[in-house]
Protein chains: 2
Amino acid sequence: MRISARCEYACRAMLELALRFQSGDPVNSTLIAERRGIPEKYLVHILLQLKRSGLVQSVRGAQGGYLLAQAPNTVTLYDIVTAIDGPIEDQLPLGDDASAELRPAWNRVAQGLKSSMQKILLNEIAENADKPDMYYI
Amino acid sequence: MRISARCEYACRAMLELALRFQSGDPVNSTLIAERRGIPEKYLVHILLQLKRSGLVQSVRGAQGGYLLAQAPNTVTLYDIVTAIDGPIEDQLPLGDDASAELRPAWNRVAQGLKSSMQKILLNEIAENADKPDMYYI
DNA sequence: GCACTAATACTCGGATAAATGCTGTCCGAGTTATCATGG
DNA sequence: CCATGATAACTCGGACAGCATTTATCCGAGTATTAGTGC
């Protein structure tokens, strides 16, 4: 039931890309790593994974880097998390060796998780990032 | 974002205890392990953990075993999962080294997860366990 | 039939091993912009 | 001023090492019931 560091790194990177989305030019991995405190060599693999999932575009060569493939208001936390971890059904005990009696319960959990993550848009996070002192209880 | 086998085992064990709750007499670990397909020696540690969290009572000695400490309709999936994995806040990136910008997002996820798990009662699972052919989409 | 003892069936909990997954780095290869150099 | 080549700044992706967690077992100790034994 835990969120991996890899997943948080992905979200931080996506946040950084969202903040620079309007400019239109690519952001290189080194910059993202520095700005968001992510191990640089590790981040590259995460960005490539995000790219394969279609959340990120890349530009090769000098002055290259990464950009969001979609506008931040069309990307949800669910998209990012599943891009990194794979489908949530695979993380819950819903496979062949799982208990049939518990399956409906885990399905409901999966649905709840999915819907709460789908409600969180990347642009919301980015906008809150501008107002530095916000507190959620 | 995944549910450990340990956690599923705990739920299976709780389900078995719920089904035998009315009889009032303790169920030994061997029986639970056989009935629910759980490695026996592993299960013991899980049961003790559930006991420490106050979900389960135990009776030592011959004819001893384990019983639910509360009625099945007062136990939620959330209770079981947090008994095994600890508080969900500890599983999400909400610690000191976490990104402040993402914190509100993870908090909302935690709340969503918590509330969806709190809606699932152990007795509901147990009742569905009687009707063998139920499908959830 | 009763007291006492031994055996048995359990829980309790720490230590530990094996397997798996997570985090992170390294290296080589490919691609594009930029810069330098010569004509 | 232009073409050409070299260099530098990037992405791409597999392989791999180190570490932490998960999963599972082992063993010894404690506790209550049951069975057996002698009187």
Side-chain angles (χ1 to χ4, degrees), chain A residues 1-13 17 20 25-34 36-69 81 84-86 90-93 95 97-98, chain B residues 1-13 17 20 25-34 36-69 81 84-86 90-93 95 97-98:
Chain A
M1 184 51 31
R2 99 176 229 283
I3 294 275
S4 60
R6 184 181 187 87
C7 203
E8 232 253 335
Y9 291 163
C11 293
R12 290 192 210 175
L17 292 181
R20 297 168 184 271
D25 26 62
V27 189
N28 69 40
S29 65
T30 308
L31 185 60
I32 303 175
E34 281 172 1
R36 298 286 153 186
I38 307 171
E40 185 183 335
K41 305 296 176 59
Y42 195 29
L43 174 61
V44 172
H45 292 275
I46 296 171
L47 286 168
L48 292 175
Q49 201 174 347
L50 292 171
K51 182 187 172 183
R52 278 183 232 111
S53 304
L55 295 178
V56 155
Q57 271 182 331
S58 70
V59 179
R60 298 186 76 157
Q63 307 301 324
Y66 301 88
L67 329 113
L68 288 191
V81 169
I84 297 301
D85 287 347
D90 294 2
Q91 329 285 326
L92 302 194
D97 50 347
Chain B
M1 186 48 35
R2 95 177 232 283
I3 293 275
S4 60
R6 184 183 187 85
C7 203
E8 231 251 336
Y9 291 163
C11 293
R12 290 192 210 173
L17 291 182
R20 297 169 183 269
D25 28 62
V27 189
N28 69 41
S29 65
T30 308
L31 185 60
I32 303 174
E34 281 172 2
R36 296 289 153 185
I38 308 171
E40 184 183 337
K41 305 297 175 60
Y42 194 32
L43 172 61
V44 172
H45 292 275
I46 296 172
L47 286 167
L48 292 175
Q49 201 174 347
L50 292 171
K51 182 187 172 184
R52 281 190 285 275
S53 303
L55 295 178
V56 155
Q57 271 182 330
S58 70
V59 178
R60 298 185 77 158
Q63 306 301 323
Y66 301 88
L67 332 112
L68 289 191
V81 169
I84 296 301
D85 287 347
D90 295 2
Q91 328 285 327
L92 303 192
D97 51 347

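To find a chain, count down the sequence lines: A is the first, B the second, and so on, and within it residues start at 1. Note that this is a predicted model, so its numbers are computed, not measured.
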Per side-chain contact (heavy atoms from CB on, under 4.5 Å), A:Tyr66 is matched among A:Leu55, A:Val59, A:Val27, A:Leu48 by A:Leu48
Check whether any side-chain N or O of [X] sits under 4.0 Å from OP1 or OP2 of [N], and answer yes or no.
X: A:Ser4; N: C:dG21; result: no
X: B:Tyr9; N: D:dA24; result: yes
X: A:Ser58; N: D:dC12; result: yes
X: B:Arg6; N: D:dT21; result: no
X: A:Lys51; N: D:dT11; result: no

- Message: Is it the case that D:dT31 (base atoms only) and B:Arg60 (side chain only) share a donor and an acceptor within less than 3.5 Å, ignoring hydrogens and angles?
- Response: no
Out of [options], whichever nucleotide has its closest atom nearest the side chain of [X]:
X: B:Lys41; options: D:dA29, D:dC26, D:dT11; value: D:dC26
X: A:Tyr66; options: D:dT25, D:dC12, C:dC12; value: D:dC12
X: B:Leu48; options: C:dC12, D:dT25, D:dT11; value: C:dC12
X: B:His45; options: D:dT25, D:dG14, D:dT34; value: D:dT25

Practice prompt. Scan A:Thr30 against the nucleic acid and name what it touches under 4.0 Å (heavy atoms): base, sugar-phosphate only, or nothing.
Written response: nothing
